[in-house]
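Because only heavy atoms are used, hydrogens play no part in the values below, and waters and symmetry mates are left out as well, while side chains stay in. Order of the sequence lines fixes the chain letters, A, B, ..., with proteins taken first and strands second; residue numbering starts at 1 for each chain.
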Amino acid sequence: MSETVTYREALNRGMADALAEDERVFLFGEDVGASGGAFKITDGLFDRFGPKRVRDTPISEQAIVGTAIGSALMGLRPLAEIMFADFAAVCFDQIANELAKYRYMTGGQVTLPVTIRMSNGAGGGFGSQHSQAAENWLLNVPGLKLVVPATPADAYGLLRAAVRDPDPVLVFEHKHLFNLKGELNDPPAVGELGKAEIVRSGEDITLVGTQLMRHRCVEVAERLADDGVEAEVIDPRTLAPLDLDTIRASLDRTNRLLVAQECPPDGSWGASVIARVVGTQLEAFDAPPALVSAEETPVPYAGVLEEMWLPSVERILDAAKRTLDY
Amino acid sequence: MSETVTYREALNRGMADALAEDERVFLFGEDVGASGGAFKITDGLFDRFGPKRVRDTPISEQAIVGTAIGSALMGLRPLAEIMFADFAAVCFDQIANELAKYRYMTGGQVTLPVTIRMSNGAGGGFGSQHSQAAENWLLNVPGLKLVVPATPADAYGLLRAAVRDPDPVLVFEHKHLFNLKGELNDPPAVGELGKAEIVRSGEDITLVGTQLMRHRCVEVAERLADDGVEAEVIDPRTLAPLDLDTIRASLDRTNRLLVAQECPPDGSWGASVIARVVGTQLEAFDAPPALVSAEETPVPYAGVLEEMWLPSVERILDAAKRTLDY
Amino acid sequence: MSSSTSSSTAEIPLSEQLEWLRLMHEIRVFEEECHRMFAQGIVRGSTHLGQGQEAVAVGACRALRASDTMSCTYRGHAAVLAKGAPLDEAFGEILGKGKGLCGGKGGSMHLTDMRVGAIGSFAIIGAHLPIALGVAHAAQYQGSDDVTLAFFGDGATNIGAFHEALNMASVWKLPAIFVCENNLYGEYSPIASTTPIERLSERAAAYAMAGATIDGNDVVVVHDAVAEAAARARAGEGPTLIEALTYRHKGHSRADPAAYRPPGELERWLQRDPITLLEGRLREAGVDSERLDAVRGRAERAVAEALERAKGWPDPEPETRLEHVFA
Amino acid sequence: MSSSTSSSTAEIPLSEQLEWLRLMHEIRVFEEECHRMFAQGIVRGSTHLGQGQEAVAVGACRALRASDTMSCTYRGHAAVLAKGAPLDEAFGEILGKGKGLCGGKGGSMHLTDMRVGAIGSFAIIGAHLPIALGVAHAAQYQGSDDVTLAFFGDGATNIGAFHEALNMASVWKLPAIFVCENNLYGEYSPIASTTPIERLSERAAAYAMAGATIDGNDVVVVHDAVAEAAARARAGEGPTLIEALTYRHKGHSRADPAAYRPPGELERWLQRDPITLLEGRLREAGVDSERLDAVRGRAERAVAEALERAKGWPDPEPETRLEHVFA
Ligand SMILES: Cc1ncc(C[n+]2csc(CCOP(=O)(O)OP(=O)(O)O)c2C)c(N)n1
Ligand SMILES: Cc1ncc(C[n+]2csc(CCOP(=O)(O)OP(=O)(O)O)c2C)c(N)n1
Ligand SMILES: [Mg+2]
Ligand SMILES: [Mg+2]
């Protein structure tokens, strides 16, 4: 049995099930309570679970992440919300220096089963400071698991996996996908961190993308199929841990790799994937790996500019064709 | 004429000359004044330039970066110190969301000639939160120039260039190099952002490294020379703007590339360099590009562990040999 | 420590007060047009309107000199217009036009007009308060007696940047004025649920700073309080924290129906609508309805014409998206 | 709002006070050994010693229960030992040994011993204050009446995290005790150069929090003030900010000769050395010199033996460097 739900509904259900499953789980953040959250993702949870399990905070992101860390230290399973991933910047120390390193610096004395959800990504006209793919800020910080779901099923499944995981997990929820519909099993499946999905099989080229770009890669694959080219589309789903094996195996079959991402190229997850793969599989490449990135600028506001900033289906398609024709 | 000075002295001289050259320049940060700074880099500047030009702040890194931004908006040329680069985390929003994007978001209404100096890097037993190569957190943020000097001459020259530059420049000063000696011309040369240095010429392999790793690459090159292998060593000196041309040209000659860096591989500058180069010069590679990184853990405290965390000369040499023997 | 400045309308020339009224009308109509455009889907993203809070923006900005500077929040249309930004270019920015204030790259949350000292609207809570330090520091450094004023919300008083900025402004005795627009809510949260004190101006004491709570719906009160703070700042006596009590008539952003408000609250505040208050005051001073209507009519026409112009402007040129990362 | 709690030694059993004295001696000698080892180059990195501040650590920690928790700063050896961490493992950590508290991966600035509720030493100013919120929240959530106590310096009261933590602790009425060790300097900066108020406990008012300034060199005063705050916290009455006035005898870190101190200052504070003060008090209560010397001797021997043991431990196994990133 399955049901069609939106990405937003899937997240909501994921939180509800996590709260119902384990008394140690509590949800907190700015306006996540009675008002149901800035994007209405936590709608109804306050009514169902009450003020102890679902709690509003002041506008104090450092305090929010700190509360998650401290609560986890003492055996709770905090599920925190940072409204926009861009605001990871105001609590970056708590995330990158405290949360990520606490277990290591104490020689394993503590575990930190913290989940932090944040709304991510561009495409909505929110401007430079509310549109970033902030997971890229944290790639170089060992100690964090980074989850980037693209479908309702993954939004549910990976959020559940995050809450059950004994380690810090950041869940990036893409704003542009909140209304995306998809199937959710009943009961819905809990996911697994570190497992990529082969969204579409193909032998001619491997397209790798997450979140919004995963969907664009699928569109590109369909356009290529019109020309008789079969692209394999892979969604890593989690960037740390990263399922390189699936990408490597695909590349061994297709011998051509394209990564599409909605961020500038330097310091990006796409560049990291390429550097890793090329470091061990140079001969597998019949063409240079293509990295299709956003522009090397902040995200512009105006619709026409923001559209150009993001890798479009056309831009990815062109890069795929160049890679195929190489 | 030239003189032998330490990296620390070169920085000190750079600041003195910048302050002397331009009344709009002022130096500020925690304990940079009468006490001469935590690493004694600003020693004597307070006495020479007085309390208006050299000013202590509270322990408020957000306020420090904000003060730099606001002062620059109004025509000053702030030269701020953040004591350890790891503390960029507590003012990450000011750096990544405000400083980096201000000019862009206002459609070019403002310029931000801000320089922020920070002590960077591992190797001193300072532990996980005082040893990071924090430039990697900022690679994915357009709008910042990132400077990573390895020698006294570059410490001086690039700091001067940073202060004269009309844009935000972050200068990462490597703690492990403070006592390193080198030549400084009299008068010392002002550097140029975005120009790599070919530290050593060679035809057999290109070794790329910054700061501490640049010096280790030179050692590796010398060890290789004992075996009759001639390595070219390139120090990018600035990671943004990045002088890819010099690296590309070298690779075209040597056909082998190794990047050594003191940070984990994902989201690193080294991975970014490799992804860019391989994307356009696949055929230039006679062996897979080697990325020699630090361990994928926080920086451990104990000397024996920290030494293993950092890429050692041996580890880089082994990787170079594997690349040469490929 | 916190005091309520009483209104001294007598000293402000009538012509000036009429000018404030015109400006408040302009802002009100501007916001209503924005509301409409967002509802119609002409404008994407989010928007945060300030109907009901006009007296704070106008009273404060009109107590400043042209060379003084001002920074504000994502709910900053009113402040930027009050500081003197042209209506059409403000609309243009919100519409994402190339001739908008920021070339269409900033948007509703980032209106900036350096020409008039509107140095920025900030979308990250509290982020401009450290920046205001720097602006004030530059005046101090350069020996000018300009001041800078920063608007922010009640909810912003709980973020770290607020604390660092107010502390350092006081230690460095900077010419800064911090104006907290206490509209009782941060997004959907009533202030009592996020802040343990009621009178936010009391936080000034933690920084040995002058502090006052004032009626933010009375433009004259706001003007006078800011004028006083500005005089102190210009004299080298340091910063001031002003808490202006006010209310937003609409929800937090376009998505918010504001269902969390207790019944009757909005109605009570509508009776203290800052425009109605000023009109009442002017009537008492002998200004007749015809003149008041004329002021309103002029404002409405100005806004309508500006919007018309802005709508006619073309989209930004594609290549502009790559400009202005670096100088 | 800030008050000075007076000492109530009468109520504390003599045996307990002798125990405190022993602990203060242990800490003092421990710190002196650290100083020596750093000077000898046996230990790398930086270190921050707390000679002169022992009464704060001991008085506060000994007012807590074993199940209560404590977090502190890079200048945290004293606090971690006072909460009950073993001397040898603390030395071991500073020496970077595998049997050190954190397996040699933390170091001097990160001593942690979860077994005794020493949940962490923090090297980023103020970073543990938000974390203390969470620890206190867990107690509240779990219905336990445990409290958590966080030590921090005077300079730390100017960083954003301090503000966010105290505000939210108060709004959520969390069982937390914030103990500011005001030793007059943040690194080399006297507090007046960075902070516009002198009595840091006054900042409690900004959070509607109980606040007190106390003599931090009198271990009994510290004990009583913390006991009172803990009782309030356990009763659900929320957090307290305690400012303990004290002084560090040495420089900020091993590199610092502390030349910035006005002449005579150190000497004045040495006369109020917390160990001397407690010894004086005990003498008055009839404890003779012999017994006091015996306490000191026992402490010295314990430290010497612990150091000996720790020095004999091997380096961490290489593979441990890759452990503990994830569970
Ligand atoms: C650092 C940060 N956290 C959260 C937000 C999301 N947010 C936008 S407005 C707002 C409420 C602010 O309330 P207040 O300061 O009272 O200002 P008002 O909107 O009432 O004018 C919040 C939480 C943000 N923009 N920045
Ligand atoms: C965020 C941050 N900024 C700066 C530092 C560097 N630093 C270490 S200790 C210190 C002084 C702290 O003073 P105080 O809080 O009074 O504590 P004390 O050292 O006197 O115990 C500074 C500035 C730091 N560790 N973290
Ligand atoms: Mg508000
Ligand atoms: Mg201190």
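If you tally non-hydrogen atom pairs under 4.5 Å between each of C/Thr157, C/Ile124, C/Thr195, C/Val325 and chain A, the highest count goes to C/Ile124. Looking only at heavy-atom pairs under 4.5 Å with chain C, the residue among A/Thr297, A/Asp86, A/Val299 that has the most is A/Thr297. Contact count versus chain A (heavy atoms, under 4.5 Å) is highest, among C/Ile125, C/Asn158, C/Ile191, C/Leu95, for C/Asn158.
The two residues C/Glu317 and A/Leu305 have their closest heavy-atom pair at O-CD2, 4.0 Å. When all heavy atoms are compared, the tightest approach of A/Ala302 to C/Gly96 is CB-O, 3.4 Å. The minimum heavy-atom distance between C/Tyr188 and A/Ala38, with the atom names listed, is OH-CA, 3.8 Å. The heavy-atom pair separating A/Glu61 from C/Ile159 by the smallest distance is OE1-CD1, 3.4 Å. In plain terms, the two heavy atoms of A/Phe126 and C/Ser46 that are nearest each other are CE2-CB, 3.7 Å. Counting all heavy atoms, side chain and backbone alike, C/Leu322 lies closest to A/Glu295 at CD2-OE1, 3.5 Å.
The closest donor-acceptor contact from the side chain of A/Tyr301 to the backbone of C/Gly103 lies at 3.5 Å or more, if one exists at all. Remark: the backbone N or O of A/Gly123 is paired with a side-chain donor or acceptor of C/Arg44 at under 3.5 angstrom.
For the atom pair C/Ser193 OG and A/Asp56 CG, the distance stands at 6.0 Å (nearest 0.5 Å). Of the inter-residue distances, the one linking C/Tyr260 atom OH with A/Asp31 atom CG reads 8.5 Å to the nearest 0.5 angstrom. In this structure, NE2 on A/His130 lies 7.0 Å from NE2 on C/His110, to the nearest 0.5 angstrom.
When side chains are defined from C-beta on, A/Val304 does not count as touching C/Pro318, because their heavy atoms never get closer than 4.5 Å.
Atom NE2 of C/His35 has 12 or fewer neighbouring heavy atoms from other residues, nucleotides or ligands inside a 6.0 Å radius. Within a 6.0 Å sphere centred on CD of C/Glu265, other residues, nucleotides and ligands contribute more than 12 heavy atoms. Atom NZ of A/Lys40 sits in a crowded spot, with more than 12 heavy atoms from other residues, nucleotides or ligands closer than 6.0 Å.
In this structure, no portion of A/Glu30 lies under 4.5 Å from any heavy atom of chain C. With a 4.5 Å cut-off on non-hydrogen atoms, A/Thr57 touches chain C through its backbone but not through its side chain. With a 4.5 angstrom heavy-atom cutoff, A/Gln129 touches chain C via backbone and side-chain atoms both.
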